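When a ligand or atom number is given, it counts from 1 through the structure's own listing order. Predicted, not measured: the structure shown is a model, and the values here were computed from it.
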Amino acid sequence: MEHPENDARYKGLQVNEGVGSQPVTNPYKKRRNTVRPALSVNDYVEGILKGDVSILGRAVTLIESTAEAHQQIAQEVIERCLPHSGKSQRIGITGVPGAGKSTSIDEFGLHVIRQGGKLAVLAIDPSSERSRGSILGDKTRMEKLALEKNAFIRPSPSAGSLGGVARKTRETIVLCEAAGYDHIFVETVGVGQSETAVHSMVDFFLLIQLAGTGDELQGIKRGIMEMADGIVINKCDGDNIERAKLAASQFRNALFLFPPSPSKWKPEVITYSGYYGLGIDIVWDMIERYFAYVKKTGYFEKKRNEQAKYWMMETIDEQLRNHFYQIPEVRALLQQKELKVLNNEQSSFTAAKDVLDCYFRKIKEKE
Ligand code: GDP
């Protein structure tokens, strides 16, 4: 058919029939089947126990998935890995952005690996979303470790409630331990609630601080300092050495004012330089001494047992909450009641009771 624009009105313009564009890929090349076969619970468990990194990674993805079917498999895998877990040193590492967490984890991690250890680096960052790129536990931030075959690096599970993100990281610890990782680092940013979550799943909590910011002590939340088993002042190099040392003595003095920690271990303050790799062995020696100490006093076991109990309660809490909010009638009533409470038409307590009654009624109906 003649092209409409070949009409006489469009003088000087001749439109010819075009040719189809060439295929971008080679049509003779056989397409590889990119869908990976689903693995059974047995496959996952066997792979993990053998230390197969790819299967471990896939199992962690299941833990992170919100799909019911994935969660079911994940829970079975975790249950079966549990007897093989628990034998690692779990270390939490926190510090404000820029404190040098990734630089230091790179160095501490290499130190562990050079001593024959296997290291998993996990992270808790409830604010991060995969699509925006996680800030923590990112391979590109730990360039040296990323090349080590004995290091497994996994960024924070993507956004969700802090409880949910923390639970996933804790479950990932179980799988990593079953896969033979004898050191677990859990990284978090020192600015919010996430430290408490990390503290509840690690044996040793390391706070990375900076000197020379002018407000060494004011800037840190007292709660975070109280949780720390070790405080390290990074960037003790070049013309920052004096300031770092001064900051260290200020921290030491501040620690005197704190009540003794439940472990009776006196937190130490050490200066080092992550970037130049100076003092890494001194920091590591402190961590080793801590482990020797708490294992001797029995605090290590006691804390792990307390953490297990804490996580049982947290899981119950989370599951109850999820169940509650998943019922559409409850959600709808909740919205109505919110308005009523806001407009002073009903008291918070009777409104809450109405919503809870609705929830219990719905559960009964389902039975
Ligand atoms: P993060 O945000 O806590 O993970 O901090 P990074 O590890 O990304 O470090 C932030 C910046 O500080 C980077 O530019 C690092 O090169 C620098 N840095 C880290 N450690 C040191 C150190 O020991 N000395 C010096 N001078 N700079 C460092």
Side-chain angles (χ1 to χ4, degrees), residues 91-113 119-130 132-148 151-158 165 169 183-195 197-199 202 204-216 219-221 224-225 227-248 251 268-287:
I91 297 165
I93 297 176
T94 192
V96 292
K101 291 182 295 302
S102 49
T103 312
S104 308
I105 290 174
D106 226 11
E107 288 298 325
F108 294 144
L110 281 184
H111 189 78
V112 166
I113 286 172
L119 169 73
V121 182
L122 314 175
I124 291 191
D125 178 10
S127 63
S128 82
E129 268 177 34
R130 279 274 152 77
R132 287 197 221 134
S134 307
I135 330 169
L136 298 181
D138 187 349
K139 273 189 185 171
T140 54
R141 292 168 62 241
M142 295 154 200
E143 291 168 6
K144 296 179 196 161
L145 273 187
L147 302 174
E148 292 290 333
F152 175 78
I153 306 177
R154 186 83 187 189
S156 175
S158 51
V165 170
T169 304
H183 288 80
I184 314 276
F185 288 177
V186 186
E187 181 189 9
T188 193
V189 266
V191 286
Q193 284 289 305
S194 48
E195 294 74 33
V198 173
H199 190 245
V202 297
F204 184 94
F205 197 64
L206 186 73
L207 171 63
I208 300 184
Q209 284 292 342
L210 287 178
T213 47
D215 57 351
E216 278 82 3
I220 314 140
K221 292 198 186 74
I224 299 181
M225 255 184 88
M227 277 191 278
D229 301 299
I231 297 178
V232 285
I233 321 286
N234 188 20
K235 310 197 186 182
C236 183
D237 48 51
D239 52 13
N240 204 30
I241 294 180
E242 285 312 311
R243 267 179 299 173
K245 289 197 169 147
L246 179 66
F251 276 113
E268 295 182 13
V269 183
I270 295 174
T271 54
Y272 77 112
S273 164
Y275 189 80
Y276 295 99
L278 302 169
I280 303 293
D281 47 345
I282 300 173
V283 175
W284 204 256
D285 175 63
M286 162 181 68
I287 296 178

Undergrad: Would you indicate which of Cys236, Gly98, Gly100 comes nearest to atom 2 (O) of ligand 1 when only heavy atoms are counted?
TA: Gly98
Undergrad: Backbone N or O of Phe205 within a donor-acceptor pair of the Asp229 side chain at under 3.5 Å?
TA: yes
Undergrad: Taking the side chain from Thr94 and the backbone from Thr188, do they hold a donor-acceptor pair closer than 3.5 Å?
TA: yes
Undergrad: Does Val96 come within less than 4.0 Å of ligand 1, judged by its heavy atoms?
TA: yes
Undergrad: Should Thr169 and Val186 count as side-chain neighbours, where that means a heavy-atom distance under 4.5 Å?
TA: yes
Undergrad: Counting from 1, what ligand 1 atoms have a heavy atom of Ser273 closer than 4.0 Å?
TA: 22 (C), 23 (O), 24 (N)
Undergrad: If you measure every N/O of Tyr275 against every N/O of ligand 1, is any gap under 3.5 Å?
TA: yes
Undergrad: Between Asp237 and ligand 1, which residue portion shows a heavy-atom distance shorter than 4.0 Å: side chain, backbone, both, or neither?
TA: side chain
Undergrad: Could you say whether the N/O atoms of Asn234 and ligand 1 ever approach to under 3.5 Å?
TA: yes
Undergrad: Could you tell me whether ligand 1 has any atom less than 4.0 Å away from a heavy atom of Pro97?
TA: yes
Undergrad: Below 30° counts as parallel, above 60° as perpendicular, anything between as tilted: where do the rings of Phe108 and Phe185 land?
TA: perpendicular
Undergrad: Between Glu187, Lys101, Glu107, Lys235, which one has a non-hydrogen atom sitting closest to atom 11 (C) of ligand 1?
TA: Lys235
Undergrad: Consider only side-chain N and O atoms of Tyr272 and Ser104, and report whether a donor and an acceptor are under 3.5 Å apart.
TA: yes
Undergrad: Under 4.0 Å from a heavy atom of Gly274: give me the atoms of ligand 1 that qualify, with their elements.
TA: 23 (O)
Undergrad: Once salt bridge (Lys or Arg N to Asp or Glu O under 4.0 Å) is applied, do any residues pair with Lys245, and if so which ones, sequence neighbours excluded?
TA: none
Undergrad: Is there a side-chain contact between Asp281 and His111 in this structure, where contact means two heavy atoms from C-beta onward sitting under 4.5 Å apart?
TA: yes
